[in-house]
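Step one of this worksheet: look at the structure below.
Protein chains get the first letters and strands the later ones, always in sequence-line order, with residue 1 at the start of each. Keep in mind the model is a prediction, meaning the values are calculated, not measured.
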Amino acid sequence: MVDQPNGELPKVLQILARPAGLLPLGIVLTQAVRRMARRRPTLFERLDEHRHASFLVEPSDLDFAFVLVPDGEQASVRSYSKRALPSADVHVKGPILMLLGLLDGTFDGDALFFNRVLSVSGKTDALVALRNTIEDAELKPSDLLGVTGRGAAFLDSAVLRALASARRVVGAPNMGAMP
Amino acid sequence: MSLELVCPAGTPSALRAAVDAGAHSVYCGFRDETNARNFPGLNFSPAELKEGVRYAHQRGAKVLVAVNTFAKAGAMEPWKKAVANVEAAGADAIIVADIAVLDHAARHHPDLRLHLSVQAAAATPEAIAFYADTFGVRRVVLPRVLSVEEIKKLNSAVASTGVETEVFVFGGLCPMAEGRCALSSYATGKSPNLVGVCSPPDFVEYCDEGADGTATRLGGFTIDRFAPGAPAGYPTLCKGSFVAGGKTSHLFEDPVSLNAASLLPRLREAGVTALKIEGRQRGKGYIAEVVRTFRKAVDALEAGRPQVEAEAMLAGLVEGGRQTSGAYQKTWR
């Protein structure tokens, strides 16, 4: 057995985050992904036919989950309560801070899988394509929020610092020394 | 001459991460069947390769391009095009396995530096001399089945040819004579040596079995099962669990990663020129961490400083949660 912190939010934060599930996160994230597709149209090329696949992303420490269809400017993100999760082509589950670490390149997906921090099921080829697309995209918070110019650099630095601090607080291990 | 650290890149951003972390050379391939890491969404277009070469050269690093699957009889066009694209991008060498592709490159692109891929499984002085004499191969990537002593003898035997040797020091551990393994062909109907993937992702399934853990399937065959919370590995048949002689075990090899950092002094003494890190399918987080650690280890060796604790530093990145020095100093079952 691997005896390790898996980077989940403390219970108190999980409870405090519950109201976020009531927000229209799906609409906001759909707009963000579509905006990104307009600004960086080549970003989704690596997905090839898997851009039509549905990806259920389930943060293990939150009460809600998302289904992403990364179809460029027709992309959609919908949020669901964990009480009524839909089926999808791919299902990825893990702590929210670790999932966000995959987006910004802090963590290696294979290492999280080897250490059982992430669990995956469904169409493995679609998952691999999405993972590689995200890897090459070098996504920054400003990309998702549509912020450009000097404000983008400030926002990216602040959000990435905050995420790194949050990971330290919850005991999320650094990449190399995980076990 | 310092040991050359050859690092993987599956995407342009991984190439930049490897160069920035201290890679002397980066190896990569095209997004098609000519490349033995042909995963969905991975690899380079010709334009991306050109830009990657520019980025690496500006920072003093080299780019080696793998066109290392075996060309299909009567349908060599993709391989010919790939060789031409490597030269057009200004890459420093091409890594090839197939004699038809080697012959084409030697005849039509004589200025391209030829490296022999591990997929060619050249492990004898005679084989290496043949590739050097016939095609002008300048470097051979050795299969991961040789001990350090065998590598030393091999290097002594080929010294007169001037051929360099490159060995794997970290990452996925292939226990087979590479390029000749057809294990996954039986489960998937696809040859890893022709399509460029040993476990094609569209044949891989991870199945949650509740209290029993997670089962890994390839082509519908269950090849391993990991208890809840236990370290997991890649869905490759050579690291699957099988029943043989009445016993269930990881028959060929355990889910484990190669880490030969502690052997760097002996590998240098054995006459090795370059150290290769496996993992073009891995993320930037892996690449940056592994390249940084091995660059520290190589620099420490060159400066005569104590070796870095690479096993502890890289423990979180390895398959199955375990590391091995592989065949370099292995007692085979």
Side-chain angles (χ1 to χ4, degrees), chain A residues 1-6 42-51 53 70 90-93 98 101-139 172-179, chain B residues 10-17 31 39-45 48 172 197 199-208 213-214 217-218 226-235 255 257 279 281-290 292-293 310 312-322:
Chain A
M1 295 286 283
V2 183
D3 183 16
Q4 61 176 56
N6 71 0
T42 57
L43 191 71
F44 295 82
E45 279 176 8
R46 286 179 182 274
L47 282 166
D48 206 0
E49 79 266 23
H50 303 299
R51 59 195 293 150
V90 178
H91 186 173
V92 184
K93 185 176 177 181
M98 308 305 265
L102 288 175
L103 281 184
D104 66 27
T106 303
F107 293 118
D108 170 72
D110 289 13
L112 294 185
F113 172 73
F114 293 154
N115 288 285
R116 310 301 291 276
V117 176
L118 277 191
S119 65
V120 299
S121 60
K123 286 171 62 96
T124 309
D125 48 346
L127 177 65
V128 170
L130 181 68
R131 190 273 308 266
N132 291 330
T133 300
I134 289 171
E135 270 294 327
D136 193 48
E138 298 186 315
L139 291 176
N174 70 46
M175 192 79 252
M178 197 170 283
Chain B
T11 60
S13 75
L15 180 146
R16 293 190 289 274
R31 209 177 300 160
F39 286 98
L42 204 67
N43 299 313
F44 288 63
S45 67
E48 287 169 342
V197 193
S199 291
D202 47 331
F203 287 83
V204 173
E205 287 175 90
Y206 296 104
C207 305
D208 186 351
T214 300
R217 294 196 185 130
L218 182 68
F226 303 101
Y234 281 124
S257 287
Q281 76 285 10
R282 302 291 294 263
K284 294 188 292 287
Y286 165 96
I287 287 172
E289 195 73 32
V290 178
R292 239 189 328 262
T293 302
M313 291 162 82
L314 301 174
L317 295 164
V318 296
E319 183 178 3
R322 294 197 294 130

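For B/F203, no part lies under 4.5 angstrom from a heavy atom of chain A. The parts of B/D202 that come within reach of chain A are both its backbone and its side chain, each placing non-hydrogen atoms under 4.5 angstrom from that chain. For B/V290, no part lies near chain A; criterion is any non-hydrogen pair under 4.5 Å. The contact between B/T214 and chain A is made by backbone and side chain atoms together, counting heavy-atom distances below 4.5 Å. Contacts of A/D48 with chain B are absent, with no heavy-atom separation under 4.5 Å from either backbone or side chain. Residue B/E205 touches chain A through its backbone alone, counting heavy-atom pairs closer than 4.5 Å.
A salt bridge between B/E48 and A/R46 is present, with a side-chain N of the basic residue lying under 4.0 Å from a carboxylate O of the acidic one.
We find the CZ-CG distance between A/R51 and A/L43 to be 10.0 Å, quoted to the nearest 0.5 Å. Interatomic distance, A/L103 CG to A/E135 CD, rounded to the nearest 0.5 Å: 10.5 Å. The CG atom of B/L317 sits 11.0 Å away from the CD1 atom of B/I287 when rounded to the nearest 0.5 Å.
The candidate from B/G233, B/A17, B/A14, B/P200 with the greatest count of non-hydrogen atom pairs under 4.5 Å with chain A is B/G233. The candidate with the highest count of non-hydrogen atom pairs below 4.5 Å against chain A, out of B/D208, B/T11, B/V318, is B/T11.
The ring pair (Phe, Tyr, Trp, His ring centres under 6.0 Å) search around A/F113 returns B/Y206, not counting sequence neighbours.
Residue pairs meeting the side chain to side chain donor-acceptor pair (under 3.5 Å) criterion with at least one partner in residues 120-130 of chain A, sequence neighbours excluded, do not occur; the list is empty.
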